[in-house]
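Data block below; observations after.
In this chain, residues are counted from 1 in sequence order. None of these values were measured; they are calculated from a predicted model.
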Amino acid sequence: MKNEARSQPVVTGAPIPSLQSLRAFAALAVVAHHAMRSVTVNADTGLNLPEPLLLRSHAMIELGAVGVDLFFILSGFLMVYISKPYVEGRRSTGNFVLQRAIRIWPMYVIATALYLGLNIAIRLMEGRELPFNATPLRLLSFFFVPSFDAYGLLQPILGVGWTLNYEVFFYLVFALALAVGRRALVPVIAAILAGLFLAGTALPQETVAHAFLGNPILFEFLLGALAAKLFMAGRLVAVPPSVAILAGLTLLFAFAWLPNEGYFRVLYRGIPSLLIFVGVLNLDSRITWPKWWIHVGDGSYSIYLFHLIFLFPLAGFVLRKFVAAGYVAGAAEVTALIGFLVVTAIGLLIHWMIEKPLTRFLHDLASRKKAAQNAA
């Protein structure tokens, strides 16, 4: 049995299985959140379903969105954790941007194109005009450029993509920090984030920049970066994992009634998520995660990207079948479970059949191009 906390500096960049475990939990929490919403808040009111017995708590339904906060903290942690070769100059900032682009952009383009393509096809078959998402400004969503949707919400074409917009934003902040102050990386990241946040809040409220930059949720990346700095220095707070996780869960449930869209989400979702993150991170030396669970973590990106494309149509179809057959008691709960399992399986299949081979191909292509340039 190892010590409760790291007392020595750690080898940066070494694999941490607990991070994959957290990815799995975060992705499935979001899927569960949307699965429950698909049969409650977003269900067809014309079906006249009775109130679901097990899904009466709106706060508990909404709490699954905390997976997003975990993703942001994990991303901030990971960027600093892998930073050593970039800080030391052994790898370029351009290499960092390329690696991140290969990791997230191709699959994001595929998911966005699939969603938009289906939407356009349905509208054309119904004899309707093209959707607002097909306008030139909205098409910039393919490149993580934020914009308001037809309802005035800061949402890209693919709904879950709003988190990817922030993800890419943090990658750019990290790259800038490497370029201007790599020896004081975390303080520089903090200064850049604070400066952009203040600039965003000063801009007119009706602007995209205000809505995007003026959201305190971007500081969740900083929470992860600070955790990484302490972890790498061997100074992570010596709190037993069970205590950190329990404290995080207690705070989450205590503030579950607060909205996910709240201005201070970073406090009542971000801080509890940080405690859970630190607790699971400190479990890494004393637990062996099941391989199947690690595989779910590996496929978390595809699960997250594609689940909404299939979930709501599937939930609507299954609910209508239950109602037509006269089975309404428990229909919502069973439908939510079916939707959760099916879209998770679809996400894993997409990961194995598309994401893994495509990412491997692009990494190989980039390596061959670099080798050719070095040889020239």
Side-chain angles (χ1 to χ4, degrees), residues 10-20 22-24 26-27 70-112 142-145 160-161 163-183 185-186 188-189 192-193 218 220-222 224-225 227-229 231-232 294-295 297-305 350-352 354-376:
V10 299
V11 179
T12 57
I16 303 177
S18 287
L19 295 186
Q20 291 304 88
L22 281 163
R23 281 194 177 101
L70 281 170
F71 272 132
F72 284 172
I73 290 170
L74 195 154
S75 180
F77 177 93
L78 186 62
M79 291 306 96
V80 174
Y81 182 66
I82 66 168
S83 66
K84 187 175 181 180
Y86 300 103
V87 169
E88 294 178 347
R90 291 183 283 118
R91 291 184 184 176
S92 67
T93 303
N95 174 267
F96 166 78
V97 174
L98 176 63
Q99 296 302 313
R100 292 295 93 196
I102 289 174
R103 175 71 183 92
I104 69 167
W105 189 58
M107 294 305 297
Y108 183 72
V109 167
I110 292 172
T112 302
F142 279 95
F143 303 98
F144 305 107
V145 178
V160 297
T163 64
L164 275 300
N165 287 347
Y166 276 108
E167 189 83 13
V168 170
F169 164 76
F170 182 66
Y171 292 162
L172 296 177
V173 168
F174 182 80
L176 179 60
L178 284 174
V180 302
R182 62 182 60 194
R183 293 299 176 183
L185 190 61
V186 174
V188 172
I189 289 173
I192 294 172
L193 286 175
L218 57 86
E220 291 186 343
F221 292 105
L222 181 59
K229 186 174 179 62
F231 179 77
M232 291 161 60
I294 297 300
H295 287 315
D298 293 340
S300 61
Y301 185 49
S302 287
I303 292 171
Y304 182 76
L305 274 183
I350 292 173
H351 167 68
W352 291 325
I354 301 176
E355 182 187 356
K356 283 186 70 175
L358 177 59
T359 303
R360 188 183 306 115
F361 168 77
L362 292 174
H363 276 302
D364 290 344
L365 185 65
S367 297
R368 289 197 297 270
K369 184 177 180 180
K370 182 177 181 180
Q373 290 175 341
N374 291 338

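Across all their heavy atoms, Val87 and Arg182 have their closest contact at O-CD, 3.1 Å. What you find for Ala179 and Thr93 is that their closest heavy atoms are N-OG1, 4.5 Å. When all heavy atoms of Val186 and Ala225 are compared, the pair lying nearest together is CG2-O, 4.0 Å. Across all their heavy atoms, Tyr171 and Ile104 have their closest contact at CE1-CD1, 3.7 Å. Nearest approach of Ala27 to Ser300, heavy atoms of both residues: CB-CB, 3.7 Å. In terms of heavy-atom proximity, Val188 sits nearest to Gly181 at CG2-O, 3.6 Å.
A side-chain donor-acceptor contact under 3.5 Å links Trp105 to the backbone of Phe142. Without hydrogens or angle criteria, Ser302 side chain to Gly299 main chain gives no donor-acceptor distance under 3.5 Å. With Ser75 contributing its side chain and Phe72 its backbone, the two residues share no donor-acceptor pair below 3.5 Å.
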Q. Are Ile350 and Ile110 close enough, and set up right, to give a side-chain contact (heavy atoms from CB on, under 4.5 Å), and what steps lead you there?
A. CA-CA 11 Å; Ile350 292 173; Ile110 292 172; over 6 Å; no
Q: Run the numbers on Leu193 and Phe169 for side-chain contact (heavy atoms from CB on, under 4.5 Å), then give the verdict.
A: CA-CA 10 Å; Leu193 286 175; Phe169 164 76; 3.7 Å; yes
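Taking CG of Leu70 as the reference point, atom CD of Glu220 lies at 8.5 Å (rounded to 0.5 Å). To the nearest 0.5 Å, atom CG of residue Leu98 and atom CZ of residue Arg91 are 11.5 Å apart. To the nearest 0.5 Å, the span separating OH on Tyr81 from CD1 on Ile16 amounts to 3.5 Å. Interatomic distance, CZ of Arg100 versus CG of Asn95, reported as 10.5 Å (0.5 Å rounding).
Between Phe71 and Thr163 the shortest side-chain heavy-atom distance does not fall below 4.5 Å. Taking 4.5 Å as the limit, every side-chain heavy atom of Leu22 sits out of range of all side-chain heavy atoms of Phe77. When side chains are defined from C-beta on, Leu176 does not count as touching Leu172, because their heavy atoms never get closer than 4.5 Å. By the 4.5 Å heavy-atom criterion applied to side chains, Leu218 and Val173 are not counted as neighbours. Annotation: side chain of His363 is in contact with side chain of Thr359 (closest heavy-atom distance under 4.5 Å). Residues Tyr301 and His351 fail the side-chain proximity criterion, which asks for heavy atoms closer than 4.5 Å. The shortest side-chain heavy-atom distance between Arg90 and Lys84 falls under the 4.5 Å cut-off. When side chains are defined from C-beta on, Phe144 does not count as touching Glu167, because their heavy atoms never get closer than 4.5 Å.
Each of Leu78, Asp298, Ile303, Ile294 was compared with Arg23 under the side-chain contact (heavy atoms from CB on, under 4.5 Å) criterion, and only Leu78 meets it.
Ring centroids of Phe174 and Tyr86 are separated by 6.0 Å or more, keeping the two rings apart.
Every ring-ring contact (aromatic ring centres under 6.0 Å, His included) that Phe170 has, sequence neighbours left out, goes to Phe221. In this view, Arg183 satisfies the salt bridge (Lys or Arg N to Asp or Glu O under 4.0 Å) rule with no residue, not counting sequence neighbours.
For the residue pair His295/Gln20, the side-chain donor-acceptor check at 3.5 Å is not satisfied.
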